[in-house]
2 protein chains.
Amino acid sequence: MNTANLIRHEYNVRFAELDLNLSQAMMLAYVAEFGAESQSRMADRLGVGRAAAGNIVDVLEKRGLLERLPDPDDRRVWLVQTTADGKAVAEKINEIDVIFRADLRKGISRRERQELTNLLLRVQQNLRPETP
Amino acid sequence: MNTANLIRHEYNVRFAELDLNLSQAMMLAYVAEFGAESQSRMADRLGVGRAAAGNIVDVLEKRGLLERLPDPDDRRVWLVQTTADGKAVAEKINEIDVIFRADLRKGISRRERQELTNLLLRVQQNLRPETP
DNA sequence: GACGTATTGTATAGTGCCATACAAGCGGGA
DNA sequence: TCCCGCTTGTATGGCACTATACAATACGTC
(Lines give C-alpha, C1' and ligand atoms only; values in the text may rest on other atoms or scores of the structure.)
Protein backbone atom coordinates (compact mmCIF):
# COMPACT_ATOMS: atom_id res chain seq x y z
CA MET A 1 0.00 0.00 0.00
CA ASN A 2 2.90 2.31 0.75
CA THR A 3 4.41 1.63 -2.64
CA ALA A 4 1.08 2.26 -4.33
CA ASN A 5 0.70 5.60 -2.56
CA LEU A 6 4.15 6.67 -3.68
CA ILE A 7 3.42 5.64 -7.26
CA ARG A 8 0.13 7.52 -7.31
CA HIS A 9 1.75 10.59 -5.85
CA GLU A 10 4.57 10.52 -8.37
CA TYR A 11 2.09 10.10 -11.22
CA ASN A 12 0.27 13.18 -10.00
CA VAL A 13 3.53 15.11 -9.86
CA ARG A 14 4.46 14.12 -13.39
CA PHE A 15 1.03 14.84 -14.83
CA ALA A 16 0.96 18.22 -13.09
CA GLU A 17 2.86 19.68 -16.04
CA LEU A 18 -0.27 18.98 -18.11
CA ASP A 19 -2.48 20.38 -15.33
CA LEU A 20 -4.06 16.97 -14.89
CA ASN A 21 -4.25 14.54 -12.02
CA LEU A 22 -3.89 10.80 -12.42
CA SER A 23 -7.62 10.09 -12.79
CA GLN A 24 -8.08 12.76 -15.41
CA ALA A 25 -5.05 11.55 -17.30
CA MET A 26 -6.24 7.94 -17.19
CA MET A 27 -9.69 8.97 -18.36
CA LEU A 28 -8.28 10.88 -21.28
CA ALA A 29 -5.87 8.12 -22.24
CA TYR A 30 -8.56 5.46 -22.07
CA VAL A 31 -11.00 7.45 -24.15
CA ALA A 32 -8.29 8.16 -26.70
CA GLU A 33 -7.47 4.46 -26.90
CA PHE A 34 -10.91 2.87 -26.82
CA GLY A 35 -13.00 5.58 -28.45
CA ALA A 36 -16.57 6.56 -27.66
CA GLU A 37 -17.93 4.66 -24.69
CA SER A 38 -20.49 5.34 -21.99
CA GLN A 39 -19.50 6.98 -18.73
CA SER A 40 -20.44 3.87 -16.77
CA ARG A 41 -18.03 1.80 -18.81
CA MET A 42 -15.31 4.38 -18.24
CA ALA A 43 -16.04 4.30 -14.51
CA ASP A 44 -15.47 0.55 -14.53
CA ARG A 45 -12.21 0.92 -16.42
CA LEU A 46 -10.95 3.56 -14.03
CA GLY A 47 -12.16 1.70 -10.97
CA VAL A 48 -14.23 4.61 -9.67
CA GLY A 49 -17.95 5.17 -9.22
CA ARG A 50 -20.18 6.64 -11.90
CA ALA A 51 -20.48 9.93 -10.08
CA ALA A 52 -16.72 10.39 -9.95
CA ALA A 53 -16.40 9.47 -13.60
CA GLY A 54 -19.02 12.05 -14.49
CA ASN A 55 -17.10 14.74 -12.62
CA ILE A 56 -13.88 13.85 -14.37
CA VAL A 57 -15.61 14.07 -17.74
CA ASP A 58 -17.09 17.43 -16.72
CA VAL A 59 -13.65 18.86 -16.05
CA LEU A 60 -12.12 17.51 -19.24
CA GLU A 61 -15.10 18.64 -21.27
CA LYS A 62 -14.84 22.18 -19.90
CA ARG A 63 -11.22 22.22 -20.98
CA GLY A 64 -12.17 21.12 -24.45
CA LEU A 65 -10.31 17.82 -24.26
CA LEU A 66 -13.38 15.59 -24.35
CA GLU A 67 -16.86 15.92 -25.75
CA ARG A 68 -20.15 14.18 -25.00
CA LEU A 69 -22.17 12.75 -27.85
CA PRO A 70 -25.67 11.41 -27.39
CA ASP A 71 -25.93 7.67 -27.92
CA PRO A 72 -28.35 7.09 -30.81
CA ASP A 73 -29.43 3.75 -29.31
CA ASP A 74 -29.98 4.81 -25.70
CA ARG A 75 -31.11 8.26 -24.72
CA ARG A 76 -29.81 7.90 -21.16
CA VAL A 77 -26.22 7.55 -22.31
CA TRP A 78 -23.47 9.99 -23.21
CA LEU A 79 -20.77 8.65 -25.43
CA VAL A 80 -17.47 10.26 -24.50
CA GLN A 81 -14.97 11.10 -27.20
CA THR A 82 -11.68 12.98 -27.46
CA THR A 83 -11.40 16.26 -29.30
CA ALA A 84 -8.37 17.08 -31.43
CA ASP A 85 -6.84 18.88 -28.44
CA GLY A 86 -7.63 15.88 -26.29
CA LYS A 87 -5.83 13.54 -28.67
CA ALA A 88 -2.72 15.70 -28.51
CA VAL A 89 -2.74 15.73 -24.72
CA ALA A 90 -3.37 11.97 -24.63
CA GLU A 91 -0.17 11.45 -26.58
CA LYS A 92 1.79 13.45 -24.05
CA ILE A 93 0.19 11.39 -21.31
CA ASN A 94 1.43 8.24 -22.97
CA GLU A 95 4.93 9.64 -23.28
CA ILE A 96 5.03 10.57 -19.61
CA ASP A 97 3.65 7.15 -18.70
CA VAL A 98 6.25 5.30 -20.75
CA ILE A 99 9.06 7.26 -19.14
CA PHE A 100 7.71 6.77 -15.64
CA ARG A 101 7.23 3.06 -16.07
CA ALA A 102 10.77 2.77 -17.34
CA ASP A 103 11.99 4.65 -14.26
CA LEU A 104 9.99 2.35 -12.00
CA ARG A 105 11.40 -0.86 -13.37
CA LYS A 106 15.05 0.19 -13.32
CA GLY A 107 17.11 -2.70 -12.04
CA ILE A 108 14.16 -5.09 -12.14
CA SER A 109 14.24 -7.88 -14.71
CA ARG A 110 11.39 -8.91 -16.94
CA ARG A 111 11.05 -12.17 -15.04
CA GLU A 112 10.84 -10.31 -11.75
CA ARG A 113 8.17 -7.97 -13.10
CA GLN A 114 6.12 -10.93 -14.22
CA GLU A 115 6.56 -12.48 -10.81
CA LEU A 116 5.44 -9.24 -9.15
CA THR A 117 2.30 -9.00 -11.25
CA ASN A 118 1.57 -12.64 -10.67
CA LEU A 119 1.88 -12.34 -6.90
CA LEU A 120 -0.26 -9.21 -6.73
CA LEU A 121 -2.98 -10.90 -8.75
CA ARG A 122 -2.89 -13.92 -6.48
CA VAL A 123 -3.27 -11.64 -3.46
CA GLN A 124 -6.24 -10.05 -5.21
CA GLN A 125 -7.75 -13.48 -5.75
CA ASN A 126 -7.71 -13.97 -1.98
CA LEU A 127 -9.75 -10.79 -1.64
CA ARG A 128 -12.53 -11.84 -3.99
CA PRO A 129 -15.10 -13.53 -1.78
CA GLU A 130 -15.72 -16.79 -3.65
CA THR A 131 -16.45 -15.55 -7.17
CA PRO A 132 -16.69 -18.88 -9.01
CA MET B 1 -2.34 0.13 -6.94
CA ASN B 2 -5.48 -1.84 -7.60
CA THR B 3 -4.42 -4.51 -5.13
CA ALA B 4 -3.61 -1.86 -2.54
CA ASN B 5 -7.03 -0.28 -2.92
CA LEU B 6 -8.73 -3.61 -2.44
CA ILE B 7 -6.65 -4.34 0.65
CA ARG B 8 -7.41 -0.95 2.18
CA HIS B 9 -11.08 -1.35 1.46
CA GLU B 10 -11.19 -4.81 3.00
CA TYR B 11 -9.35 -3.56 6.09
CA ASN B 12 -11.97 -0.86 6.49
CA VAL B 13 -14.73 -3.43 6.16
CA ARG B 14 -13.19 -5.67 8.78
CA PHE B 15 -12.48 -2.86 11.22
CA ALA B 16 -16.02 -1.53 10.80
CA GLU B 17 -17.16 -3.98 13.47
CA LEU B 18 -15.08 -1.95 15.94
CA ASP B 19 -16.43 1.30 14.47
CA LEU B 20 -12.95 2.25 13.31
CA ASN B 21 -11.42 2.90 9.95
CA LEU B 22 -7.97 1.69 8.96
CA SER B 23 -6.13 4.84 10.02
CA GLN B 24 -7.75 4.93 13.41
CA ALA B 25 -7.05 1.26 13.95
CA MET B 26 -3.42 1.66 12.93
CA MET B 27 -3.04 4.65 15.23
CA LEU B 28 -4.45 2.76 18.16
CA ALA B 29 -2.38 -0.34 17.48
CA TYR B 30 0.83 1.66 17.11
CA VAL B 31 0.26 3.61 20.30
CA ALA B 32 -0.54 0.39 22.15
CA GLU B 33 2.66 -1.18 20.87
CA PHE B 34 5.13 1.70 21.14
CA GLY B 35 3.67 3.63 24.08
CA ALA B 36 3.63 7.36 24.61
CA GLU B 37 4.99 9.23 21.60
CA SER B 38 4.42 12.62 20.04
CA GLN B 39 1.78 13.15 17.39
CA SER B 40 4.42 14.05 14.82
CA ARG B 41 6.14 10.74 15.35
CA MET B 42 2.81 8.95 15.00
CA ALA B 43 2.11 10.86 11.80
CA ASP B 44 5.41 9.56 10.40
CA ARG B 45 4.59 6.01 11.39
CA LEU B 46 1.17 6.20 9.79
CA GLY B 47 2.45 7.96 6.70
CA VAL B 48 0.04 10.90 7.04
CA GLY B 49 0.50 14.60 7.78
CA ARG B 50 0.54 16.03 11.27
CA ALA B 51 -2.89 17.60 10.85
CA ALA B 52 -4.47 14.28 9.90
CA ALA B 53 -2.76 12.54 12.80
CA GLY B 54 -4.13 15.20 15.16
CA ASN B 55 -7.65 14.59 13.90
CA ILE B 56 -7.34 10.84 14.36
CA VAL B 57 -6.13 11.34 17.92
CA ASP B 58 -9.05 13.72 18.52
CA VAL B 59 -11.55 11.07 17.51
CA LEU B 60 -9.94 8.31 19.55
CA GLU B 61 -9.56 10.60 22.55
CA LYS B 62 -13.25 11.52 22.44
CA ARG B 63 -14.07 7.83 22.49
CA GLY B 64 -11.88 7.32 25.53
CA LEU B 65 -9.44 5.01 23.74
CA LEU B 66 -6.46 7.36 23.86
CA GLU B 67 -5.37 10.18 26.14
CA ARG B 68 -2.99 13.09 25.70
CA LEU B 69 -0.33 13.71 28.32
CA PRO B 70 1.84 16.81 28.36
CA ASP B 71 5.49 16.08 27.63
CA PRO B 72 7.51 17.20 30.66
CA ASP B 73 10.50 17.98 28.43
CA ASP B 74 8.75 19.91 25.63
CA ARG B 75 5.70 22.02 26.20
CA ARG B 76 4.71 21.95 22.52
CA VAL B 77 4.23 18.20 22.55
CA TRP B 78 1.37 15.91 23.51
CA LEU B 79 2.38 12.38 24.37
CA VAL B 80 -0.32 10.00 23.23
CA GLN B 81 -1.14 6.96 25.31
CA THR B 82 -3.76 4.22 25.34
CA THR B 83 -6.38 4.01 28.03
CA ALA B 84 -7.47 0.66 29.47
CA ASP B 85 -10.36 0.62 26.98
CA GLY B 86 -7.92 1.47 24.21
CA LYS B 87 -5.68 -1.45 25.11
CA ALA B 88 -8.62 -3.83 24.90
CA VAL B 89 -9.63 -2.54 21.48
CA ALA B 90 -6.02 -2.67 20.30
CA GLU B 91 -5.98 -6.39 21.06
CA LYS B 92 -9.05 -6.93 18.95
CA ILE B 93 -7.40 -4.95 16.17
CA ASN B 94 -4.42 -7.27 16.29
CA GLU B 95 -6.65 -10.32 16.14
CA ILE B 96 -8.47 -8.99 13.08
CA ASP B 97 -5.16 -8.09 11.48
CA VAL B 98 -3.68 -11.54 12.06
CA ILE B 99 -6.72 -13.21 10.52
CA PHE B 100 -6.78 -10.89 7.53
CA ARG B 101 -3.09 -11.32 6.81
CA ALA B 102 -3.54 -15.07 6.96
CA ASP B 103 -6.41 -14.78 4.47
CA LEU B 104 -4.28 -12.64 2.18
CA ARG B 105 -1.38 -15.03 1.98
CA LYS B 106 -3.43 -18.17 1.34
CA GLY B 107 -1.68 -20.19 -1.31
CA ILE B 108 1.42 -17.98 -1.26
CA SER B 109 4.62 -19.43 0.12
CA ARG B 110 6.95 -17.73 2.54
CA ARG B 111 9.57 -17.43 -0.17
CA GLU B 112 7.08 -15.77 -2.48
CA ARG B 113 6.03 -13.32 0.19
CA GLN B 114 9.63 -12.38 0.75
CA GLU B 115 10.07 -11.93 -2.98
CA LEU B 116 6.98 -9.72 -3.12
CA THR B 117 8.20 -7.48 -0.32
CA ASN B 118 11.62 -7.33 -1.87
CA LEU B 119 10.29 -6.30 -5.27
CA LEU B 120 7.97 -3.65 -3.85
CA LEU B 121 10.83 -2.14 -1.87
CA ARG B 122 13.01 -2.07 -4.97
CA VAL B 123 10.24 -0.26 -6.83
CA GLN B 124 10.08 2.22 -3.96
CA GLN B 125 13.82 2.75 -4.22
CA ASN B 126 13.29 3.86 -7.80
CA LEU B 127 10.86 6.49 -6.54
CA ARG B 128 13.19 8.04 -4.01
CA PRO B 129 14.96 10.83 -5.89
CA GLU B 130 18.62 10.09 -5.16
CA THR B 131 18.64 9.71 -1.39
CA PRO B 132 22.21 8.52 -0.88
C1' DG C 1 21.00 36.24 27.51
C1' DA C 2 19.29 37.52 22.58
C1' DC C 3 18.29 36.26 18.02
C1' DG C 4 17.20 33.61 13.99
C1' DT C 5 15.82 29.03 12.60
C1' DA C 6 13.37 24.80 13.15
C1' DT C 7 9.71 21.99 15.05
C1' DT C 8 5.02 20.94 17.22
C1' DG C 9 0.24 20.95 17.15
C1' DT C 10 -3.88 23.27 15.29
C1' DA C 11 -6.97 25.76 12.11
C1' DT C 12 -8.61 26.44 7.48
C1' DA C 13 -9.54 25.74 2.78
C1' DG C 14 -9.47 22.67 -0.97
C1' DT C 15 -9.47 17.94 -3.32
C1' DG C 16 -11.02 13.57 -4.81
C1' DC C 17 -13.66 10.06 -3.80
C1' DC C 18 -17.84 7.31 -1.98
C1' DA C 19 -22.68 6.30 -0.73
C1' DT C 20 -27.05 7.46 -1.41
C1' DA C 21 -31.03 9.09 -3.60
C1' DC C 22 -33.14 10.60 -7.65
C1' DA C 23 -35.28 11.29 -12.44
C1' DA C 24 -35.04 9.64 -17.04
C1' DG C 25 -34.98 5.93 -19.91
C1' DC C 26 -34.61 0.89 -21.16
C1' DG C 27 -36.40 -3.90 -21.60
C1' DG C 28 -39.15 -8.01 -20.58
C1' DG C 29 -43.48 -10.27 -19.16
C1' DA C 30 -48.47 -10.35 -18.30
C1' DT D 1 -50.39 -1.88 -23.90
C1' DC D 2 -49.03 -1.28 -19.22
C1' DC D 3 -46.23 -2.25 -15.48
C1' DC D 4 -42.17 -3.62 -12.93
C1' DG D 5 -37.38 -4.03 -12.27
C1' DC D 6 -33.02 -2.51 -13.92
C1' DT D 7 -29.43 0.80 -15.71
C1' DT D 8 -27.54 5.55 -16.71
C1' DG D 9 -26.09 9.90 -15.42
C1' DT D 10 -26.43 13.56 -11.88
C1' DA D 11 -27.03 15.98 -7.35
C1' DT D 12 -26.00 16.04 -2.57
C1' DG D 13 -23.71 15.28 1.66
C1' DG D 14 -19.99 13.30 4.00
C1' DC D 15 -15.17 11.57 4.71
C1' DA D 16 -10.24 11.37 4.84
C1' DC D 17 -6.67 13.42 3.49
C1' DT D 18 -3.34 17.36 1.76
C1' DA D 19 -1.24 21.91 1.68
C1' DT D 20 -0.68 25.98 3.86
C1' DA D 21 -0.42 29.25 7.43
C1' DC D 22 -0.13 30.24 12.22
C1' DA D 23 1.20 30.74 17.34
C1' DA D 24 3.86 28.66 20.76
C1' DT D 25 7.93 26.61 21.94
C1' DA D 26 12.69 24.65 21.50
C1' DC D 27 17.53 25.02 20.18
C1' DG D 28 22.05 26.49 18.32
C1' DT D 29 25.10 30.46 17.69
C1' DC D 30 26.82 34.76 18.60
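When the C1' atom of dT7(C) is taken as reference, atom CG of Asp73(B) falls 15 Å away, rounded to whole Å. Distance CZ (Arg76(B)) to C1' (dT10(C)): 14 Å, rounded to an integer number of Å. Rounded to whole Å, atom P of dT10(D) lies 8 Å from atom CH2 of Trp78(A). For Asp58(B) and dT10(C), the CG to P distance is 6 Å, given to the nearest whole Å. Between the CG atom of Leu46(B) and the P atom of dG9(C) there is a distance of 13 Å, rounded to whole Å. Rounded to a whole Å, the OH atom of Tyr11(B) is 18 Å from the P atom of dA16(D). For Asp71(A) and dC26(C), the CG to P distance is 9 Å, given to the nearest whole Å. When rounded to the nearest whole Å, the span between CD of Gln39(B) and P of dG9(C) equals 5 Å.
Other residues, nucleotides and ligands contribute only 12 or fewer heavy atoms inside 6.0 Å of the CZ atom of Arg41(B).
For Arg68(A) and dT10(D), the shortest distance from a side-chain N or O to OP1 or OP2 is below 4.0 Å. Remark: Ser40(A) is not in phosphate contact with dT7(D), judged by side-chain N or O atoms under 4.0 Å from OP1 or OP2. Applying the 4.0 Å criterion to OP1 and OP2 of dA24(C), one finds that Arg75(A) has every side-chain N and O outside that range.
Shown here are the side-chain contact (heavy atoms from CB on, under 4.5 Å) partners of Asn21(A), two or more places apart in sequence or in another chain: Asn12(A), Ser23(A), Gln24(A). In this structure, the salt bridge (Lys or Arg N to Asp or Glu O under 4.0 Å) partners of Arg111(A), at least two apart in sequence or on a different chain, are Glu115(B).
Asn126(A) and Arg122(A) form no side-chain donor-acceptor contact under 3.5 Å, judged by distance and modelled atom types alone. Counted by atom type alone, Thr3(B) and Gln124(A) present one or more donor-acceptor pairs between their side chains at under 3.5 Å.
The structure places CZ of Arg113(B) at 7.0 Å from OG of Ser109(B), a figure rounded to the nearest 0.5 Å.
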Check your understanding: When you look at Leu22(A) and Met1(B), which way does the side-chain contact (heavy atoms from CB on, under 4.5 Å) test go after all the steps?
Key -> CA-CA 12 Å; Leu22(A) 175 56; Met1(B) 287 166 64; 3.6 Å; yes
Revision key, fill the gap. In B/S/- notation (B base, S sugar-phosphate only, - none; protein heavy atoms under 4.0 Å), nucleotides 12-23 of chain C written 5' to 3' is ----SSSB----
